[in-house]
Number of protein chains: 2
Amino acid sequence: MQEQAIHTEKQDKRQHLLEVAERLFAEQGYEAVSIRHLAKEADVNIAMVSYYFESKEKLFRTLLESKMPKTRAVLEEVLASDIPSWEKMSKVIDMYIDKFFVNRAFHRIIMREMSLQQRPEHVQLIADNFARNMKIIRGIIEEGQEKGQFRYVDAELTIASMFGTISTAINNHKLMCMLTQQPDSELVYGDDYRERFKRHMKSMLQAHLLLNTGG
Amino acid sequence: MQEQAIHTEKQDKRQHLLEVAERLFAEQGYEAVSIRHLAKEADVNIAMVSYYFESKEKLFRTLLESKMPKTRAVLEEVLASDIPSWEKMSKVIDMYIDKFFVNRAFHRIIMREMSLQQRPEHVQLIADNFARNMKIIRGIIEEGQEKGQFRYVDAELTIASMFGTISTAINNHKLMCMLTQQPDSELVYGDDYRERFKRHMKSMLQAHLLLNTGG
DNA sequence: CAAAAAACTAAACAAACGTTTGATTTTTTC
DNA sequence: GAAAAAATCAAACGTTTGTTTAGTTTTTTG
């Protein structure tokens with residue numbers, strides 16, 4: 001049993017490198033993480049990075065492409081489903097918060113990558129991926145508007161608010177601790193806080209989107 | 001006239017270095033900007049950075065401390081003024097959007113710095129500065145709640161939404177171009193877009209915060 | 001179980017890094 | 001206008017960077 005575990009571990013040295021790299025890139029940024037630093041943290045020889053990934057840059061690209069979230073199918077399913085528009089938005093909010101919270105290290109990386117003008121091909125990759133999802137969400141909002149369920153809000157900037165609120169929460173760990181008056185720890189990404197976050201997001205967007213049909 | 005301009009320019013080589021550094025740090029990140037790169041872009045000798053700032057790190061700290069926004073006085077003035085709570089929030093939104101848009105290069109830097117766990121003293125400096133402002137804004141929201149003008153929303157996360165929406169707009173230039181369906185340029189930070197942004201933010205937060213007092 | 005392939009390693013590579021030096025030019029001071 | 005101070009420069013400093021090499025160990029294959 002134990003032997004097999006160790007055996008598997010050795011086989012997956014490549015995967016292990018990717019995981020350690022993700023953590024370090026998220027914590028310190030791509031440029032600040034040296035191959036030696038990464039190799040030491042992952043407990044492998046320096047040359048193994050070039051051996052498996054050719055170069056540091058290609059390691060990064062591999063990480064980016066392999067972990068890029070595949071949310072489009074889920075979003076399209078929600079859009080196509082036969083439920084009120086607000087329930088669709090509610091599902092979208094749940095999904096995005098869960099995805100971002102669980103994979104927050106990766107999302108820190110891609111959001112930092114977006115804010116830099118260093119590697120245009122990365123920016124394009126991330127932006128394209130986001131643009132497709134954005135289009136679907138805009139579809140949900142416009143559908144709600146046409147069906148008389150949603151107000152005629154600024155759909156694009158509403159999405160920017162949803163996305164922006166979540167990504168700021170993920171990016172600024174220290175800030176979130178201060179905001180929620182919790183002691184400084186990753187606990188701000190725990191279940192309780194996540195539910196609180198969902199409640200807030202739904203409350204805000206509901207007030208923003210829903211028409212007051214009552215007299 | 002022209003001679004004096006050149007003369008002033010030469011005198012302010014230190015200031016010029018700071019400005020170029022701000023632009024480069026915002027575009028490429030601290031680690032990716034080398035002294036040689038910075039010196040070439042600013043058209044000064046490599047040794048001048050050490051001459052004026054001792055080290056690259058102290059240049060960064062100098063930039064951070066000298067440009068850290070001083071918004072507290074403005075916020076406290078708004079809080080103390082004798083106007084409806086919503087008008088206070090409206091002023092806060094205007095001020096933050098203007099400040100962030102005008103100094104977006106600097107804000108890109110400090111937000112990236114917050115998301116990294118590289119230089120804890122920087123994180124502390126930025127977080128402290130933010131925490132003070134946040135407290136004042138929370139004061140405005142709680143005042144509105146006590147006066148029966150605002151709903152009992154989650155004040156902390158409402159601030160996170162406001163801050164998060166703006167900072168995402170600043171950070172993700174490419175994303176904003178896609179969202180607003182504009183051609184890729186810094187024009188998304190022009191006057192028209194800024195007004196659109198303010199309208200959206202006020203519309204959303206108003207729906208979120210304001211009680212429907214009408215029957 | 002020997003040969004081939006894959007995995008792994010220590011050591012070395014050139015290039016780029018932040019910083020310093022020591023000399024030269026420019027500016028300020030009296 | 002000479003002496004002192006400040007500003008500027010090219011060149012070199014020792015490290016660290018990402019990457020490669022050449023050899024060894026381990027695993028797979030027939």
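For the numbers below, each heavy atom of this structure counts, side chains included, while hydrogens, waters and symmetry mates do not. Small disclaimer: the values here were computed from a predicted structure and weren't measured.
- An OP1 or OP2 oxygen of D:dT8 is reached within less than 4.0 angstrom by a side-chain nitrogen or oxygen of B:Lys13.
- Here the side chain of A:Tyr96 pairs no donor or acceptor atom with the backbone of A:Lys91 at under 3.5 angstrom.
- Between the CZ atom of A:Phe53 and the P atom of D:dT19 there is a distance of 13 Å, given to the nearest Å.
- Rounded to whole Å, the distance from NE2 on B:His37 to C1' on C:dG18 is 16 Å.
- Atom CZ of B:Arg36 is separated from atom C1' of C:dG18 by 7 Å (rounded to the nearest Å).
- Between B:Lys56 atom NZ and C:dG18 atom P there is a gap of 4 Å when expressed in whole angstrom units.
- Here the P atom of nucleotide C:dA7 and the CD atom of A:Gln15 are 15 Å apart, to the nearest Å.
- For residues 58-66 of chain A, proximity to DNA chain D is found at no residue, defined as any non-hydrogen atom under 4.0 angstrom from a strand atom.
- Expressed to the nearest 0.5 Å, how far CE of B:Met114 lies from OG of B:Ser167 amounts to 10.5 Å.
- A salt bridge links B:Glu57 to B:Arg61: at least one charged side-chain nitrogen sits closer than 4.0 Å to a carboxylate oxygen.
- Here B:Arg196 pairs with A:Glu156 in a salt bridge; the nearest charged N to carboxylate O distance falls below 4.0 Å.
- Rounding to the nearest 0.5 angstrom, the gap separating the CG atom in A:Leu75 from the CZ atom in A:Arg132 is 11.0 Å.
- Between atom CD1 of residue A:Ile140 and atom CD of residue A:Glu76 there is a gap of 10.5 Å, rounded to the nearest 0.5 Å.
- There is a side-chain donor-acceptor pair under 3.5 Å between A:Ser161 and B:His200.
- Between B:Arg23 and B:Glu27 there is a salt bridge, with a side-chain nitrogen of the basic residue lying less than 4.0 Å from a carboxylate oxygen of the acidic one.
- Using a distance-only test at 3.5 Å, with no hydrogens or angles considered, no donor-acceptor pair links the side chain of A:Ser50 to the main chain of A:Ala47.
- Between A:Glu19 and A:Lys13 there is no salt bridge, since no side-chain N of the basic residue sits under 4.0 Å from a carboxylate O of the acidic one.
- Near DNA chain D, meaning a heavy atom under 4.0 Å away, the residues from residues 26-35 of chain A are A:Val33, A:Ser34, A:Ile35.
- Heavy-atom distances under 4.0 Å link DNA chain D to A:Ile46, A:Ala47, A:Ser50 of residues 39-51 of chain A, given in residue order.
- Here CG of A:Leu79 is found 12.5 Å from NZ of A:Lys135. Values are rounded to the nearest 0.5 Å.
- The interatomic distance linking B:Tyr52 (OH) with C:dT19 (P) rounds to 17 Å, in whole Å.
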